[in-house]
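One structure is given below, encoded as structure tokens.
Below, read A as the first sequence line, B as the second, and so on, with proteins coming before strands; counting in each chain starts at 1. Everything numeric here is computed off the predicted structure, so don't read it as measured data.
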Amino acid sequence: MRRALPLLTLILTACTGELIGPRPEVPPLVEPPPPEPEVCDVPNPLPAAVVPMRRLNRVHVEATVRDVLGVTDALAVPDERVFTYRSNISTSVDDNGVQAYFDFAERVTASPTLALTACTRNGCLAWLLDDVAPRFFRRPLSADERTRYQTLFNAGVLQAMGSPTAVEEGARWVLQALLQSPTFLYVDEPLTDAGMLDGYGVATRLSLSLWGANPDTTLLAASGNGSLDTADGVRAQVRLMLEDPRSERGFNAFVSQWLELERLRQTDARPDLTALGEPLLHALETEPVLYVRTATLAGADLASLFSDSRTVSMPALVPHYGMDLVSTTGNTSSLDPSRRAGLLTLPGVMAAMSHAGVTSPTVRGYAVLANVMCTPPSPPPAGLNITLPPPSPGTTTRARLEAHFTDPGCAYCHRPMDGLGFTFEHLDELGRWRLLDNNLPIDDSADFPLGADQLTVQGPRQLADALSQRAEVRTCFAKQWMRYAAGTLEPASVKCFAVDLGSKGTGADGLERVITEFAASEYFRKGTAP
Amino acid sequence: MRASRRALLAGGMASALFPWLSWAQVNAPRKKLLLFYTPHGTIWPNWRPTPDGMGGFTLSPILAPLAAHQNRVVLMDGISLPYGTSYYIPHTYTMPALWTGSPIDTASTLFTRTDHMQSFGWGTGVSVDQFIASQLPAGETPYRSIELGTFCGGLHPATRMIYSAPGMVKSPVDVPLTAFNQFFSAPNPDLDAAAKALARRRSVLDTVLDDMNARKAVLTTNDRARLDAHATAVRALETRLQAMTPSCPQPTAPPAGTDPQLTMDRQMDLAAAALGCGLTRVLSLQMRIADNDNSLYPWLGLNTGGHHTFSHDSSTASQATLSQVYTWYSARFAKLLDVLAATPDLAGGSVLDHTLVIWGSELGIGWTHDISNVPFVLAGGPGVVRGNQYLQVTNKTNHRVLVTALHWMGFTPMQSYGALDPGSGPLTGVLA
């Protein structure tokens with residue numbers, strides 16, 4: 001089971017304000033933070049993202065092995081979750097990790113789908129050293145490395161001498177070493193004299209973030225010929241990479257971690273979702289990814305991500321949407337705009353932000369504040385008796401949660417959280433539209449503070465309209481992409497860069513521009529010396 | 001590499017089965033340590049035994065599953081788990097302190113919890129099991145230590161409790177079938193093929209190590225340390241592969257699947273087998289994680305919300321349901337003692353006769369995050385602990401438990417352990 005939603009569950013339950021023992025310290029009722037300034041000076045020169053030596057995550061390794069060798073296998077090495085996104089920048093590989101890489105390498109090279117057709121007597125070594133190895137190492141091999149791997153190859157051939165598959169045996173030895181080599185597992189980022197990443201370093205960051213795997217041969221060739229050395233070169237490359245079908249993997253990694261869609265697969269916690277069956281579950285988790293990718297490629301602006309009622313057409317979701325599905329033309333479905341508006345109202349997102357058998361306005365509100373606004377509320381003070389009244393036939397989820405509001409210590413955080421969440425109450429724990437909760441009518445209007453404003457909102461449509469126009473939402477999206485794509489948290493010194501990047505999300509091609517301009521920035525393309 | 005008939009006769013059956021041990025080693029009683037973890041403390045009113053006024057006690061509902069083992073357990077009431085920092089992020093800050101007795105690194109900005117407005121890194125200490133493992137004679141056992149668990153999640157300070165060095169965590173193998181294949185794979189009966197495989201693996205790993213060495217020149221100090229630890233683990237793997245093939249009697253292969261009870265119980269079987277045949281003397285079993293374990297336990301009536309959510313709910317009904325979960329943990333601990341008592345040890349007797357088992361958690365009470373009283377149970381055979389004891393103590397920290405483990409394993413000069421230890425030796429009256 002994966003660790004997810006730090007602390008979130010801590011505030012899943014309500015607090016009635018009943019105190020046990022001495023009264024705990026309640027967080028001071030501070031003023032909400034001031035809104036992001038309209039004009040913010042981006043530092044010049046922009047500092048580089050400080051990324052410690054990064055070890056590929058499990059998804060990167062598995063996808064690269066599939067791309068290069070045509071073998072699908074699961075790697076059993078856990079990844080770090082230092083912030084919202086998996087990025088292995090602090091731990092070392094321990095005994096069990098080394099064993100897992102070793103076992104993985106042996107399984108992959110023993111796989112019946114491993115194609116060693118290039119391994120004729122003369123062609124095999126060249127194929128390994130000039131094609132396969134650079135795709136694992138993300139750069140051409142050095143002279144020393146060529147010698148080292150040639151020696152290993154020869155030893156393998158020699159051991160199997162006389163066997164018709166002696167050459168293939170040599171190849172297996174080489175592949176096993178490549179798969180366990182630190183040069184494959186850790187991202188190398190050598191710098192040019194100007195302090196920039198070299199072409200291979202840029203290509204690696206682009207490929208890991210946009211394709212979720214190592215660069216391919218074409219991208220490596222571009223790295224070597226200088227076409228990634230300029231901001232314009234990078235912009236052009238990003239456009240090509242987004243249009244490539246492999247960008248679905250990058251969007252999948254970003255969206256599923258950003259919106260915590262992995263919760264949909266937590267069978268221990270969500271047997272109700274598991275019971276829906278694989279086709280529907282797959283559609284629930286895939287739709288938000290395709291929604292973001294399609295919007296990006298179609299030239300959408302950032303605001304529409306949180307307000308557009310068009311989605312990708314997915315047959316498995318037709319019954320789930322029911323009356324919400326208005327029409328389908330080609331690959332695009334139009335949803336009832338009064339019920340569905342933007343990414344957050346997609347059934348997979350709503351289902352992920354729920355509990356087994358019951359919605360959670362608190363989880364949903366927390367998710368909006370933490371992941372969309374980048375302003376997570378504080379945790380509840382210790383010692384509060386945070387007990388929800390038990391479910392009873394005569395109450396709605398909302399009525400139970402409103403118990404939060406009776407104590408000022410609880411209301412401080414729960415009004416904004418639960419208030420946001422109440423607007424989604426027509427969307428049940430599986431993400432379907434419902435008219436009643438517990439046979440009672442649903443009130444999806446709410447009054448809550450958001451940023452510096454006090455909002456009065458009814459239903460997901462009005463919430464979408466309010467959220468999608470906010471500068472904080474644009475800045476937060478930019479921050480999320482920065483964290484995901486750089487693999488590290490941004491320092492306070494680039495706060496205005498995030499504001500500026502988010503502002504590029506307005507207007508035609510806004511979404512694509514955020515991604516492209518981030519890749520073209522010096523924050524992304526510069527490196528840091530050890 | 002199989003032992004010859006002559007060796008069999010000379011060394012006896014045991015050394016044939018365990019060829020990496022000399023005859024003398026086989027016969028030497030070798031003490032062992034097993035750390036056991038379950039998340040989120042307990043519910044004290046349902047945990048605390050009732051003293052009978054004559055020095056004895058009646059087990060509480062949560063600990064009732066331990067009835068058959070009452071004379072093998074010491075129940076500790078009153079051990080605190082200090083975290084040693086000015087701010088406390090529940091679960092996260094005490095998981096690294098549990099077995100290390102040292103604080104989490106709050107100078108690091110690696111991890112950020114914006115909701116708490118706090119940054120932190122990994123633990124700054126070494127867990128007591130790893131300290132002991134590092135001090136035991138090199139090569140005495142094929143593995144210096146073994147880490148097993150179930151559902152231990154991704155890498156985060158709240159999901160890891162074993163530290164081989166400051167900032168260096170060890171991840172448990174948390175899938176029984178993986179652990180079985182890793183620790184108990186049958187030796188290849190085709191000696192020629194086995195020798196060839198060994199030659200291949202050595203060549204492959206040597207190439208990997210050459211790549212590591214070539215890399216060092218361009219790293220920061222911290223990254224070099226990370227890579228060095230990786231390289232050390234590769235060398236350890238190479239050494240294990242070259243050692244004579246261990247041929248522990250294979251335990252039954254665990255079934256695939258993720259049933260929580262089966263998974264936990266199979267890991268216990270493997271733990272007992274590994275300790276019994278001398279694969280290691282130091283082992284830990286981590287059941288789930290400290291942060292946000294929100295699993296459901298539908299067979300116990302916990303079918304919505306999750307353990308962590310429930311642990312924040314002090315209503316009578318929720319606490320009753322939660323008690324069922326803690327009772328189930330207790331039943332798993334009882335099951336562990338069952339299997340340790342039923343597994344023969346190389347040195348004679350059962351594994352439990354030679355093993356100190358310590359059960360701990362990252363906090364005392366779930367819904368308040370209280371760490372002033374964290375439940376610990378110490379268990380073992382009659383030569384290990386003075387069982388059938390319920391000890392109420394005051395002003396004692398988890399360090400007393402850690403030092404007790406050190407004393408059991410022979411490190412008797414040590415009176416304190418970990419950066420936060422106020423000092424004062426082992427728990428008194430616990431070890432036999």
Point to revise | Between Gln130(B) and Ser145(B), a side-chain donor and acceptor under 3.5 Å | key: yes
Check your understanding: What part of Ser203(B) gets closer than 4.5 Å to chain A, counting heavy atoms only: side chain, backbone, both or neither?
Key -> both
Revision key, fill the gap. Checked Arg55(A), Gln180(A), Arg172(A), Arg148(A) vs chain B; the most non-hydrogen pairs under 4.5 Å come from Arg148(A)
Review point. Do Arg160(B) and Pro78(A) have side-chain heavy atoms sitting under 4.5 Å apart?
Key: yes
Check your understanding: Any ion pair linking Glu106(A) and Arg201(B) (charged N to carboxylate O, less than 4.0 Å)?
Key -> yes
Practice item. Answer with side chain, backbone, both or neither: which region of Leu110(B) has an atom nearer than 4.5 Å to a non-hydrogen atom of chain A? Key: both
Practice item. Name the region of Leu185(A), side chain, backbone, both or neither, that has any atom closer than 4.5 Å to a heavy atom of chain B. Key: side chain
Review point. Where does Phe153(A) contact chain B at under 4.5 Å (heavy atoms): side chain, backbone, both or neither?
Key: neither
Review point. What is the ring orientation for Phe183(B) with Tyr143(B), classed by angle as parallel under 30°, tilted 30 to 60°, or perpendicular over 60°?
Key: perpendicular
Check your understanding: Where does the angle between the aromatic ring planes of Phe120(B) and Phe111(B) fall among parallel (under 30°), tilted (30 to 60°) and perpendicular (over 60°)?
Key -> parallel
Review point. Can you tell which of Ile89(A), Thr183(A), Asn88(A) has the highest number of heavy-atom pairs within less than 4.5 Å of chain B?
Key: Ile89(A)
Practice item. Check each of Asp95(A), Asn96(A), Asp103(A) against Gln99(A) using the side-chain hydrogen bond (donor to acceptor under 3.5 Å, both in side chains) test, and report the only one that passes. Key: Asp103(A)
Practice item. Against chain B, label Phe184(A) side chain, backbone, both or neither, depending on which of its atoms sit under 4.5 Å from a heavy atom there. Key: neither
Review point. Parallel, tilted or perpendicular: which fits the ring planes of Phe137(A) and Tyr149(A), with parallel below 30° and perpendicular above 60°?
Key: perpendicular
Check your understanding: Who wins among Gly167(B), Ser171(B), Ala229(B) for the most heavy-atom pairs under 4.5 Å with chain A?
Key -> Ser171(B)
Study note, to complete from the structure: Applying a strict 4.5 Å limit to non-hydrogen atoms, the region of Ala236(B) in contact with chain A is side chain
**Study point:** Close side-chain approach of Arg215(B) to Asp188(A), heavy-atom, < 4.5 Å
**Key:** yes
Review point. Quick one: what part of Leu209(B) sits under 4.5 Å from any heavy atom of chain A, side chain, backbone, both or neither?
Key: neither
Study note, to complete from the structure: Applying a strict 4.5 Å limit to non-hydrogen atoms, the region of Pro157(B) in contact with chain A is neither
